[in-house]
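Report on the following structure.
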Amino acid sequence: MFGKRASATKAVIEIDGPEDAGSMDLQTQEIWTPTAARARRSVQDLLLERGQINEEQLAQARAVQAQTPGKSLAQILLTMNAASEAQILSALAETLNLAFESPEKSAVDLNAFGVLDVEFIRRNGVLPIRFEDKVLIVGVTDPTNVFLFDEVRRRVRQDCRMVAVTQADINRVVEQITNGTSDVHIDDILKEMGEEDLQVVKETKDDVADLEKSGQEAPVIKFVNYLIHHAVTQGASDIHIEPKEKALKIRFRIDGVLFEALSPPHAMHPSIVARLKIMANLDIAERRLPQDGRIRAIMHGRKIDLRMSTLPTANGEKVVMRILDNRSINVELDDLGFSDNHLTIWKNQIDQPHGILLVTGPTGSGKTTTLYSSLRCLDGNKLNISTVEDPIEYHLAQANQTQVHEKIGMSFSAALRSLLRQDPDVVMLGEIRDPETARIAVQAALTGHLVLSTLHTNDAPSSITRLINIGVEPYLISSAVNAILAQRLVRRICKHCKTNYTPTDEMREFLKMQGYEHHEFFKGAGCDRCRRTGYSGRAGIHEMLVMDDQLRDMVTSNPDVSQLRKICRERGLTCLRQDGFEKVLKGITTVDEILRVTENVN
């Protein structure tokens, strides 16, 4: 209300006396009554009566007001430092028959605070404080702004009651809650989970016994359980626990993008890490070296695995947990976002008796999901399907899965060499990363096995040159490789807030150059179900290179990647960006999302 010193009181003394009551709109009339109006005095009268200003200051303010049209007396008094923000707002609240409060952090109900996002609270000067008999008490800095109050009621969808609070109080409370200096959020979480008291465990340096004890105390256990449960229910793929100098930040990766989820007290960091290490059977005494582990949990009857990694940083150990949920991997090929043409070709390729099929893309582009979905299309009863993975992220019923252990000599190449003596029909390699593994995979494909694997390349044609650079002879590649699938994951438009829109002039010019001039475009407006992002879920965009006789002859001549890419496109290769734009036209995703994901693709 009082932004930039005195702007907040502009609407304040628009109602200086009861004769203006008829100009109030319906929302204000719900507060104002004729009886109250007859007895009501102006803000300046109340300030005089309370001794917060004197007659000389009031006369000076009136003189200034006469020379500055549009400025209220309250604004001028605030500018003159004759009265404080709290004094003026308290007087205004009394004229409107409202309560004036100065909320402390301990008085704010976190359930109430969470009904509005922090950005909206800061920007509009509103503060959800508590619930009273199912009525939300909302502090506002401008009680006369009934349009803002209507917007609050529309967002929270329940009865609200207004009280007056200062902007300074709102800023202080929001800062204390969001920067992790308050333990109110943690208290509230633990109470919801059945714990009445919370005792934050302070770190004792180099005292492993104390850390182990703190990691097994009920409040820490409750919080860690809540953290994992909350991440899974939100659909997160990763949990990041990041210690800062004076704060602790917890972020979730949802649909490929990181969002800040929680800011618990910084003092809880050692206890949280200790608890996670205990769950993952790691050494809680070792805080100077990175460690990797695995946590297995059951939530609502379904098994969930978490792959945990710790990394020492300047402010303490950073922890990242990859959530391995079988529900996210059990996706049919038809639901991965393949175009009809690509889906038909890929299904035909995985039915081939031998050869290499490669899925390529950066980390997090859905390569493992595509491979698992492809293997599920095969008949495990008639075929011997075997995999070599590092690590085994998901269990596949129709396959025999082998874990790589580099420390004991069980590398990809060693595992694959032994696996070929097990009479496999189909072999899935987690990744081709060294010359020996690549050569054995090629030999397996040439001797009658179907090999599925991944590579880390930007597009399909560059996978050929990557294999050559690894050390595989071009003539072996041309004989063994059947198809290469490059892919990325793009966020889907939220179906609950999907709406059409008109692109900007710059975007329209770009789309015209791409050949998409006259089309209807969609985006997500942002709603509670998509966390105001406009996106919910993800789909794949694909680039598929199928080897034919002409391409095999070309690969034998060891072409450079630019030449190979050019020839493939001349022969009709649909690149990632083109496939992405086809999904834009179908209303699956947005132009901005396609450009973001394919920015580094040639």
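For the 3.5 Å distance criterion, the side chains of Gln403 and Glu389 fail to qualify, holding no donor opposite an acceptor. Remark: the Gln234 side chain and the Arg531 side chain contain no N/O donor-acceptor pair separated by less than 3.5 Å.
Applying the side-chain hydrogen bond (donor to acceptor under 3.5 Å, both in side chains) test to every pair with at least one member in residues 463-481, sequence neighbours left out, gives these pairs: Thr457-Ser463, Ser478-Thr556. For residues 308-320, the pairs satisfying salt bridge (Lys or Arg N to Asp or Glu O under 4.0 Å) are Lys277-Glu317, with sequence neighbours left out.
Thr454 contributes a side-chain N or O that, together with a main-chain N or O of Gly430, makes up a donor-acceptor pair within less than 3.5 Å. Side chain of Glu286 to backbone of Arg288: a donor-acceptor contact under 3.5 angstrom is found. Distance alone, capped at 3.5 Å, is enough to place a donor-acceptor pair between the His266 side chain and the Lys244 backbone. At distances below 3.5 Å, not a single donor-acceptor pair connects side-chain atoms of Lys249 with backbone N or O atoms of Ile241. With hydrogens and angles ignored, the 3.5 Å screen pairs a side-chain donor or acceptor of Thr533 with a backbone N or O of Cys530. Of the possible donor and acceptor atoms, one in the side chain of His449 sits under 3.5 Å from a partner among the backbone N and O of Ala444. Looking at Asn384, its side chain does come within 3.5 Å of a backbone N or O of Asp423 through a donor-acceptor pair. Gln487 places no side-chain N or O within 3.5 Å of a backbone atom of Val359 that could act as its donor or acceptor partner. Checking side-chain atoms of Thr437 against main-chain N and O of Phe412 turns up no donor-acceptor pair under 3.5 Å. Using modelled atom types, no side-chain atom of Arg322 and backbone atom of Met308 make a donor-acceptor pair closer than 3.5 Å.
The side-chain contact (heavy atoms from CB on, under 4.5 Å) test applied to Lys523 returns Thr499, Tyr501, Thr590, not counting sequence neighbours. The side-chain contact (heavy atoms from CB on, under 4.5 Å) test applied to Gln578 returns Thr574, Cys575, not counting sequence neighbours. Scanning for ring pair (Phe, Tyr, Trp, His ring centres under 6.0 Å) contacts around His542 gives Phe338, with sequence neighbours left out. Here His230 pairs with Tyr226, Phe252 under the ring pair (Phe, Tyr, Trp, His ring centres under 6.0 Å) rule; sequence neighbours left out. By the salt bridge (charged side-chain N to carboxylate O under 4.0 Å, His left out) test, Glu436 is found to be paired with Arg417, residues two or more places apart in sequence or in another chain being considered. Residues passing the side-chain hydrogen bond (donor to acceptor under 3.5 Å, both in side chains) test with Glu593 are Arg491, Arg596, sequence neighbours excluded. Listed by chain and residue number, Glu393 satisfy the salt bridge (charged side-chain N to carboxylate O under 4.0 Å, His left out) test with Arg307 (two or more places apart in sequence, or in another chain). Evaluation of the side-chain contact (heavy atoms from CB on, under 4.5 Å) rule for Asp528 yields Arg532 as partners, not counting sequence neighbours. In terms of the side-chain contact (heavy atoms from CB on, under 4.5 Å) criterion, residue partners of Ala460 (sequence neighbours excluded) are, by chain and number, Ile484, Ala486, Glu543, Leu545.
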Hey, can you pull the donor-acceptor pairs under 3.5 Å for the side chains in residues 346-358, sequence neighbours left out?
{"unit_1": "Trp346", "atom_1": "NE1", "unit_2": "Ser374", "atom_2": "OG", "d": "2.9"}
{"unit_1": "Lys347", "atom_1": "NZ", "unit_2": "Asp334", "atom_2": "OD1", "d": "3.2"}
{"unit_1": "Gln352", "atom_1": "NE2", "unit_2": "Asn348", "atom_2": "O", "d": "3.2"}

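Side-chain contact between Ile567 and Leu564: absent, with no pair of heavy atoms (C-beta onward) separated by less than 4.5 Å. At least one side-chain heavy atom of Cys494 sits less than 4.5 Å from a side-chain heavy atom of Cys527. The closest side-chain heavy-atom distance from Glu431 to Leu455 is not below 4.5 Å. Side-chain contact between Phe522 and Ile588 is absent, with no heavy-atom pair separated by less than 4.5 Å. A heavy-atom distance below 4.5 Å is found between the side chains of Arg488 and Asn458. In this structure, the side chains of Leu446 and Leu476 come closer than 4.5 Å at one or more pairs of heavy atoms. Using a 4.5 Å cut-off on side-chain heavy atoms (C-beta onward), Leu375 and Ile385 make contact. Between Thr370 and Leu336 there is a side-chain heavy-atom pair separated by less than 4.5 Å.
Electrostatic pairing of Arg508 and Glu506 does not count as a salt bridge here, judged by no charged N lying under 4.0 Å from a carboxylate O.
Of all non-hydrogen atoms in Leu396 and Gln401, the two that sit nearest each other are N-OE1, 2.8 Å.
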